[in-house]
Amino acid sequence: MAGASEPLRDAPAGRDRLWLMRPDGTEVSSRFRTAEGYDRPQMLLLSWFMRDIHDDDRAVWMEPRLFDILAGVQASMSAVHGSALPLVVTSGYRTPRHNAALENAARTSMHLYGYAADVQVRGYPPRAVALAASFFSEGGIGLYDTFTHLDVWQRRRWSSGRPDFVREPGTAGQ
Ligand SMILES: [Zn+2]
């Protein structure tokens, strides 16, 4: 599915827009916020992009605040980098069936509710993405070897699947 907005490649990243990519190179550009608030067709575009590609392309409406965090991360990392960087989404929405099949995923993973995304920024370690996110996120930030988990639930911070500091038992996960 192609993005409906202008390409972001050569444009400075702003917090009202996102350039997302999947590991296979599929990408979407979206200006999802206007002066009136979230743009519903763009929310549809982005939510579809975050569908579970490992379970029948099932999709849910993603929580819009998640996109605000992602846009903040993208804007700040692109500013540091000097040009726009896509966020590579390795996991967005996850069906219960898919989540149950993952060895290290929490049973109550925020991915089940459309509240979470696992992202990478090529050329930067997950710790750098987590650091950028900590400026914007009042939700969960999980640091893993190859990606950073971001969600819009309660404030939690952990690394490599273990709680780093604040985490409610049995609630956080990949
Ligand atoms: Zn995750």
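These figures come from a predicted structure and were not determined experimentally. The first residue of the sequence shown is numbered 1, and numbering continues consecutively from there. For ligands, and for the atoms within them, numbers begin at 1 and follow the listed sequence.
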Which atom name would you report as the N, O or S atom of D118 nearest the Zn ion (ligand 1)?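 Of all N, O or S atoms belonging to D118, OD1 is the one nearest the Zn ion (ligand 1).
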H149: its N/O/S atom lying closest to the Zn ion (ligand 1) (atom name):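 Among the N, O or S atoms of H149, the one closest to the Zn ion (ligand 1) is ND1.
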Do side-chain atoms of R31 reach the backbone of L18 as a donor and acceptor pair under 3.5 angstrom?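 Checking the backbone N and O of L18 against the side chain of R31, no donor-acceptor pair under 3.5 Å is found.
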With rounding to the nearest 0.5 angstrom, report the CZ to NE2 distance, R122 to H81.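 So the gap between those two atoms works out to 12.5 Å.
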State whether D151 contributes an N/O/S atom found under 2.8 Å from the Zn ion (ligand 1).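 It does not: D151 brings no N, O or S atom closer than 2.8 Å to the Zn ion (ligand 1).
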Salt-bridge contact R58-D52 (side-chain N to carboxylate O under 4.0 Å):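 Answer for the salt bridge query: no.
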Both conditions, 6.0 Å and 45 degrees, for the charged tip of R33 above the ring of Y38: are they met here?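 Because its charged atom sits under 6.0 Å from the ring centre and within 45° of the axis, R33 does stack over Y38.
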